[in-house]
Novice: 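The structure under discussion is supplied below as structure tokens; questions concerning it will follow.
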Number of protein chains: 2
Amino acid sequence: MEKQTVTIYDVAREAAVSMATVSRVVNGNPNVKPATRKKVLAVIERLDYRPNAVARGLASKRSTTVGVIIPDVTNIYFAALARGIDDIAMMYKYNIILTNSDDAGEQEVNVLNTLMAKQVDGVIFMGNHIDDQLRAEFKRAKAPVVLAGTVDPEGDTPSVNIDYTAAVEETITALIKRGHTKIALALGPLSQSINAEYRLAGYKRALSKAKLPYDDSLVYEAGYSYDAGTKLQPVIADSGATAVFVGDDEMAAGIINASMESGVSVPDDLEVITSNDTIITQITRPAITSITQPLYDIGAVAMRMLTKLMNDKELDEKTVTLPYGIVRRASTKSAE
Amino acid sequence: MEKQTVTIYDVAREAAVSMATVSRVVNGNPNVKPATRKKVLAVIERLDYRPNAVARGLASKRSTTVGVIIPDVTNIYFAALARGIDDIAMMYKYNIILTNSDDAGEQEVNVLNTLMAKQVDGVIFMGNHIDDQLRAEFKRAKAPVVLAGTVDPEGDTPSVNIDYTAAVEETITALIKRGHTKIALALGPLSQSINAEYRLAGYKRALSKAKLPYDDSLVYEAGYSYDAGTKLQPVIADSGATAVFVGDDEMAAGIINASMESGVSVPDDLEVITSNDTIITQITRPAITSITQPLYDIGAVAMRMLTKLMNDKELDEKTVTLPYGIVRRASTKSAE
DNA sequence: GAGTGTTCTGTAATGGATTACACCAAACTG
DNA sequence: CAGTTTGGTGTAATCCATTACAGAACACTC
């Protein structure tokens, strides 16, 4: 028992009008006599007609769908952005095609191409690194692209972020003011601009302003995971650092738990500050002081920008920087 | 500078063949002379032709897109399922339209309708409750629906789950064996079948098998959040319960932290067991004993079932039950 | 009542593929 | 070598809407 589809033709026939008129009614075109509109709506109701979005997309060249490329939905940070994106998309009647890229360049390019083949009206890209090939694809794409929570030092592509450099500088400066001189930096891969070109820069700037020497043996490159944190902790302990800035909340949780369990007290022996203020920062004991980011808003603003671009409007600013904050929790000592 | 699109027509003209032949080449139809195929592929390469998936979808009546309805992507549990879904979907060359429903019935129906309008070839539904209206929509839909991590007591719709009742029964029985007689149950809304009809049943069964009385004042209905847990903790403490089974990991984390901070020691004064084995269970101190679920696989298997249905194949079993486990962590005492 | 606008509706082209069917040529059969 | 397959290719209908354009109906003006 195939369920046959009701088309605009069927409605037109039943309502004794042309399909153009039905189309007008469906799309809310005001040039329809109220009586006709009513008649058509009645038939639509009776036949339970739903316009076919694919046919509509072909005819109108707009799919009312946007592509979202995300490294991994199970990553709380990116999932929060995705939620902001989807909410705003829904508000503007767009749907989201979501695909995981695992941060792999080749996969990202592939995904972008399938998205373009599906005629998405725009793309929101989240990732940790943008290389030349990807940048080239963005340019080649016939739909606009906006980066969310993702930096591109080249700055061609519109993007929404916080000022990572300033945030790190501020936290490191606060640590220095409290007397720390050996501050470790636990980051993800330094191949990613956010680490190598933003966070590290903030760290260096804070040191240099305080006239402290930069010691690259205090900078650690690890994975974005709890286990990476537990493994890194003894190394940090050996380094003699009395404070550490961590680039990922799960990693920070690993460092904290491993510290406490090996007799290194947080915050007395080691102060810990992390980056993303996810729920994890509230769950550890001690809870973790963190940079706060308006995650949901980063996604939401990115989507808002994309809707403008999709409607050929100008952007007020291409590179949006949202405000960050810092929440003090128990993993750092209070300022004197 | 509009980027003009290359169509199958352009390729046909340049390669001096008909569009049908180009279509055959693109779709890997074997009835094409190797020489012709090569010639066409060269032109495709030269013109950088990409088939328009929308046009293809209209003509072939298959969009190679499936809809995924999720309560909230930022929920780790569902996000893990979504990841499994997407990976398998990608393996079968499908894309995912993901939409958040916030578990709201009306929204779920809306979303389902837009998905059908977009001509998705199938739908994976995740949610906490399925009411009659939703069930009716599933039936009405012209594309197959599979439930992932979502129970429907009616059992009409194919689904993938673990045996929640048995899992709860097993954990409660273990607690009873260790001597507990007052065991609390902290669940999400009892309006949801998974709580009211599965977990609660397992709890009751364990009690009755042990000939312990059922006391509904030990059953708590709360939200799926950390704060809900911290708020619930004093109530549990007052009840005199010496163990608690929790339906959500964040809630469990809240209960644990609030307990420890109010001088109720976990596991000495209160043993805690939770349900989803997310990363949170490893981060709390004590870490939380949990039922383990193959989250990724639940999503993956659901998607595999859906691909079968989309290709009009029969399902081996309509209601798939994957195995669960139990990991002991520090929030429970070891068995004697 | 002719002229001029509006408002409303219909006709038909269009979007970019898939695919049933027809056809011709080459290969095979007996 | 006529007859039948098989392989390779093209023609044209089809999918279901949008939309430019044309035209009809009606109201209004002088």
Side-chain angles (χ1 to χ4, degrees), chain A residues 2-41 43-44 47-65 114 116-121 142, chain B residues 2-41 43-44 47-65 93 114 116-121 142-143:
Chain A
E2 275 297 306
K3 321 207 177 177
Q4 86 300 346
T5 27
V6 180
T7 72
I8 199 169
Y9 254 109
D10 302 320
V11 176
R13 185 174 9 86
E14 290 290 314
V17 298
S18 72
M19 40 189 312
T21 299
V22 178
S23 176
R24 289 192 190 94
V25 170
V26 169
N27 293 296
N29 185 316
N31 285 346
V32 179
K33 205 190 336 180
T36 315
R37 176 185 310 278
K38 203 173 157 196
K39 186 173 58 172
V40 171
L41 285 175
V43 175
I44 287 178
L47 299 187
D48 193 25
Y49 164 71
R50 319 282 171 97
N52 178 325
V54 172
R56 190 184 279 208
L58 183 61
S60 68
K61 307 198 149 202
R62 320 183 92 242
S63 61
T64 61
T65 303
T114 31
M116 297 317 303
K118 294 235 163 158
Q119 311 299 116
V120 295
D121 297 333
K142 53 183 188 292
Chain B
E2 275 296 306
K3 322 206 177 179
Q4 87 297 350
T5 27
V6 181
T7 74
I8 199 170
Y9 254 110
D10 302 320
V11 177
R13 185 173 12 84
E14 291 289 314
V17 298
S18 73
M19 38 186 318
T21 299
V22 178
S23 176
R24 290 192 191 95
V25 171
V26 169
N27 293 296
N29 185 315
N31 285 345
V32 179
K33 204 189 335 182
T36 315
R37 177 186 308 279
K38 203 173 154 195
K39 185 173 59 175
V40 172
L41 285 174
V43 174
I44 287 179
L47 299 187
D48 192 26
Y49 165 71
R50 320 283 172 95
N52 179 326
V54 173
R56 190 185 279 206
L58 182 61
S60 69
K61 307 198 150 205
R62 318 183 92 243
S63 61
T64 62
T65 303
K93 313 270 184 212
T114 30
M116 297 317 302
K118 294 235 163 159
Q119 310 298 115
V120 295
D121 297 332
K142 54 182 188 292

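The chains referred to below are lettered A, B, ... by the order of the sequence lines, with proteins before strands, and numbering in each begins at 1.
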Novice: Less than 4.5 Å apart, any side-chain heavy atom of Leu47(A) and any of Asp10(A)?
Specialist: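 They are in side-chain contact.
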Novice: Please give me every residue in residues 7-23 of chain A whose heavy atoms get under 4.0 Å of an atom in DNA chain D, ordered by residue number.
Specialist: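 Here the set is Thr7(A), Ile8(A), Met19(A), Ala20(A), Ser23(A).
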Novice: Calculate, to the nearest 0.5 Å, the distance between atoms CZ and CD1 belonging to Arg50(A) and Ile8(A) respectively.
Specialist: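 One finds 15.0 Å between CZ of Arg50(A) and CD1 of Ile8(A).
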Novice: Of Asn27(A) and Leu58(B), whose nearest nucleotide on DNA chain D comes first from the 5' end?
Specialist: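 Looking at the nearest nucleotide for each, Leu58(B) comes out on the 5' side.
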Novice: Find the distance Arg37(A):CZ to dT9(C):C1' and express it as a whole number of Å.
Specialist: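 To the nearest whole Å, that distance equals 13 Å.
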Novice: Just verifying a value: how many Å separate Met116(B) CE and Thr5(A) OG1, rounded to the nearest 0.5 Å?
Specialist: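 That separation rounds to 10.5 Å.
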Novice: Quickly work out the Asn52(B) CG to dT14(C) P distance and round it to whole Å.
Specialist: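 Going from CG in Asn52(B) over to P in dT14(C) covers 18 Å.
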Novice: To the side chain of Arg24(B), which of dA17(C), dT18(D), dA20(C) is closest?
Specialist: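 From the listed options, dA20(C) comes nearest.
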Novice: Return the OG to CD distance between Ser60(A) and Gln119(A), rounded to the nearest 0.5 Å.
Specialist: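 The distance works out to 10.5 Å.
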Novice: Check whether Asn29(B) reaches the backbone of Asn31(B) with its side chain - one donor and one acceptor, N or O, closer than 3.5 Å.
Specialist: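 Yes; at least one donor-acceptor contact below 3.5 Å.
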Novice: Return the nearest nucleotide to the side chain of Lys33(B); candidates are dG10(D), dT18(D), dG8(D).
Specialist: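 Ranking dG10(D), dT18(D), dG8(D) by closest atom to the Lys33(B) side chain puts dG8(D) first.
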Novice: Which whole-number value in Å describes the distance from Arg62(B) CZ to dA17(C) P?
Specialist: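 It is 18 Å, rounded to the nearest whole Å.
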Novice: Please report the C-alpha distance between Thr64(A) and Lys118(B) in whole Å, then the side-chain angles of each, then the deciding distance to 0.1 Å, and finally whether the side-chain hydrogen bond (donor to acceptor under 3.5 Å, both in side chains) criterion is met.
Specialist: CA-CA 10 Å; Thr64(A) 61; Lys118(B) 294 235 163 159; 3.2 Å; yes
Novice: Could you check how far CD of Gln119(B) sits from C1' of dC15(D), rounded to whole Å?
Specialist: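 Result: 10 Å.
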Novice: For a quick check of understanding: with a heavy-atom distance under 4.0 Å over all strands, which category does Asn31(A) fall into, base, sugar-phosphate or nothing?
Specialist: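 Result for Asn31(A) = base.
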Novice: Is any side-chain N or O of Thr5(A) closer than 4.0 Å to OP1 or OP2 of dC16(D)?
Specialist: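 Indeed, a polar side-chain atom of Thr5(A) lies that close.
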Novice: Rounded to the nearest Å, what distance is computed from the CG atom of residue Asn29(A) to the C1' atom of nucleotide dT7(C)?
Specialist: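 Asn29(A) atom CG is separated from dT7(C) atom C1' by 11 Å.
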Novice: Does the side chain of Val17(A) come within less than 4.5 Å of Val22(A)'s, by heavy atoms?
Specialist: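 They are in contact (side-chain heavy atoms under 4.5 Å apart), so the answer is yes.
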Novice: Can you tell me if the side-chain N/O atoms of Lys61(B) get under 4.0 Å from OP1 or OP2 in dT19(C)?
Specialist: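 For dT19(C), OP1/OP2 do not have a side-chain N/O of Lys61(B) under 4.0 Å.
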